[in-house]
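First the proteins, then the strands, lettered A, B, ... as listed; each starts at 1. Reckoned from all heavy atoms, side chains included, excluding hydrogens, waters and symmetry mates.
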Amino acid sequence: MGNPKEKTAIIGLGATEFSQNCGRSELRMALEAILDAVKDAGIKVSDIDGMVNYSMDTAEQIEVVRQLGIPNLSFFSKAPYGGGGSCATIAHAVAAIESGMANTVVCYRSIRDASGPVTYGDFEPTRVSQDVYMGMNHPYGLLTPVSWVAMFAQRYNHKYGIKDGQLAHVALVNRENANRNPKAIFHSRSLSLDEYMNSPINVEPLRRHDCCLSTDGAVAIIVTRADLAKDLRHKPAYISGAIQGMSTNGEVMTSYAREDITVLHEVEAYGKKLFEMAGITPKEIDVAQFYDAFSPLVPMQLEALGFVGKGEGVDYIEGGHRIRPDGELPINTSGGLMSEGYIHGMNLIAEGVRQVRGTSTTQINDIEYSLVTGGLGVPSSGLILRRR
Amino acid sequence: MVKYSEVGVPTPKPMMSQDTEKFWRLLQEEKQLHLQKCNNCQTYSHPPRVVCSNCHSFDLGWVPSEGKGVIHSYVIYHRSVHPGFKTPYGVILVELEEGVRIISNMVDCEPHEIEIGMPVEAVVDQVFEDTALVKFKRINN
């Protein structure tokens, strides 16, 4: 088997503004973000011969190709399972480029989670469940992502004796980072520990400020062969590893049949392979963008990826000093899904690239390795980028 | 405990497929919780499946369950997302003695009284005219 290590690189980033009412279609935002990424990369639209987006995206690839006049795609795919597919889009691109199916692949996600007809935070009362397990859960009022994660979190808190408020620093550090990022939705709004503690409980044990922020926006990212990446506008973000993970006995966000529901099994499994691919250990990661749809998922990821031992994740984030920009492992430097915006994880990949380029609004010094993770509680994905 | 609102918006009914409808049919017709059990290797499954994940036999039967278990985890909805459910309400994850887990509600205790480790037993709640739900009550020692 060939090792894909650093034979591909991310060369272009594009995005719309992030808002709570974009006033236009997901397709239009996708087109804006892709054109922005093409310009950023310094390539031509006609150079694109591969395309990957999420299975949930309404901005269809055939429309994007038609409207941009892209001549031919020789590879196209979709990454499933919501935010779990974020880094998977890059993994598909790497697989396509490595196999020779394509040279230059655009990955994108366009979403109207704040103003569109389908939002992930709420439940449509007239909806009929299509999945076996959701059909088992919905009649009991277990309806929304925050409750699906809260079920894991309650058991996690019980197992490790976590008290109310101990997760606050995920939200607070995210907000501090967003306050330095003019593109973040919460750029101009600070968050204090008192405000966090006084915020309403959505689904116990999770408060409003433990949850990500419904957002409208699109992000596009261009991946190409490493040898084509060298003389473009930006320093390439070389892809050291990109991978997906699906473990047994899972469901989409309600994998409660597994023996230990305080462990993110798919992350544990993909993490081992991802670090092997990159040839490094967690200690060598300089900055991380953890998928932070809900705050307990950050300590659970620290444990699943081997940054800390089982049950040590909350101690690690407490007080925030280890995860701030001057800490051992700075995280979510653009504000993350909680405070920059929820582009279903695609914005975290963009920030992972900016850290390698040296253009983040919370730039970490001397970056070599930058980690990004995909959505949790679902089949997931991960990515390691390198500056060299 | 879940309390339903009288708002004319019904709560979601169980979704059934060719592979799962027997779970709900047995609950409605026999008024007792039944679980899927492999006739070859005796492994229990829930939610229902087509093939035994342990031995890959398609010969899965249905057996009555005592319905006894303990609360493995729970959540409490404080913010309403469906007009049919009155907040606050609790949703529980029960680990049954057969080794499988099931999502449900308590029928006899308030949300703040729910605790991990609480022993519970199944009751049948005729929520819909043609479909019953399995719910749980406390076992008092």
Side-chain angles (χ1 to χ4, degrees), chain A residues 119-159 161 199-208 210-211 248-251 253-262 294 296, chain B residues 2 4 7 9-17 19-21 23-24 45-50 53 71-95 99-105 111-112 114-117 125 127-128 131-135:
Chain A
T119 60
Y120 299 119
D122 279 316
F123 186 80
E124 165 54 54
T126 57
R127 177 174 153 198
V128 177
S129 305
Q130 297 301 317
D131 306 308
V132 168
Y133 38 90
M134 289 300 174
M136 289 268 159
N137 299 344
H138 285 170
Y140 299 99
L142 191 73
L143 301 168
T144 50
V146 56
S147 68
W148 303 333
V149 169
M151 192 70 82
F152 295 114
Q154 188 82 266
R155 183 76 194 179
Y156 182 86
N157 291 353
H158 172 81
K159 183 171 179 180
S199 74
I201 293 175
N202 280 357
V203 178
E204 202 171 314
L206 301 182
R207 298 174 178 283
R208 175 186 290 167
D210 290 311
C211 304
T248 195
N249 222 356
E251 298 176 5
M253 298 200 75
T254 55
S255 306
Y256 306 140
R258 292 170 173 168
E259 190 176 344
D260 189 349
I261 65 169
T262 68
F294 302 102
Chain B
V2 153
Y4 300 109
V7 290
V9 181
T11 53
K13 286 181 80 167
M15 179 270 181
M16 299 174 206
S17 75
D19 301 321
T20 64
E21 60 89 30
F23 173 84
W24 299 104
S45 296
H46 188 82
R49 53 190 68 179
V50 174
S53 303
I71 293 183
H72 190 73
S73 192
Y74 67 96
V75 301
I76 300 167
Y77 266 86
H78 290 265
R79 175 180 165 265
S80 175
V81 295
H82 190 297
F85 295 98
K86 276 188 193 166
T87 50
Y89 68 89
V91 183
I92 56 173
L93 175 67
V94 175
E95 182 159 297
V100 298
R101 299 198 189 123
I102 187 166
I103 288 291
S104 187
N105 308 123
H112 69 268
I114 299 172
E115 283 179 13
I116 289 179
D125 189 357
V127 175
F128 307 98
T131 311
L133 300 183
V134 60
K135 297 202 179 168

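Counting only heavy atoms from C-beta outward, the side chains of B:E95 and A:Y256 never approach each other to under 4.5 Å. Proximity of A:E251 to B:P47: side-chain heavy atoms (C-beta onward) are separated by under 4.5 Å at one or more points.
For B:E21, the side-chain hydrogen bond (donor to acceptor under 3.5 Å, both in side chains) partners at least two apart in sequence or on another chain are B:R25. Residues passing the side-chain contact (heavy atoms from CB on, under 4.5 Å) test with B:A132, sequence neighbours excluded: B:L27, B:Q28, B:V124, B:Q126.
Contact between B:Y77 and A:G141 at its shortest, heavy atoms only, is CE1-O, 3.1 Å. In terms of heavy atoms, A:R155 sits closest to B:I116 at NH1-CG2, 3.4 Å. Contact between A:I261 and B:S73 at its shortest, heavy atoms only, is CD1-CB, 4.3 Å. Nearest heavy atoms, A:L143 versus B:P12: CD2-CG, 4.1 Å.
Interface remark: of the candidates B:H72, B:M16, B:R49, B:H46, B:H72 forms the most heavy-atom pairs closer than 4.5 Å to chain A. Of the listed residues (B:I92, B:I102, B:T87, B:L93), the one with the most heavy-atom contacts under 4.5 Å to chain A is B:L93.
Put simply, the side chain of B:N105 gets close to the backbone of A:Y140: a donor and an acceptor are under 3.5 Å apart. Judged purely by atom type and a 3.5 angstrom limit, A:Q154 uses its side chain to pair as donor or acceptor with the backbone of B:Y74. Side chain of B:R101 to backbone of A:R258: a donor-acceptor contact under 3.5 angstrom is found.
For the pairing with B:R79, the side chain to side chain contact (heavy atoms under 4.5 Å, CB included) check across A:I201, A:V146, A:N202 returns one residue only, A:N202.
Going from atom OG of B:S104 over to atom CG of A:N137 covers 10.5 Å, rounded to the nearest 0.5 Å. To the nearest 0.5 Å, the span separating CD1 on B:I103 from NE2 on A:H138 amounts to 11.0 Å.
Only the side chain of A:N249 comes within contact range of chain B, judged by heavy atoms closer than 4.5 Å.
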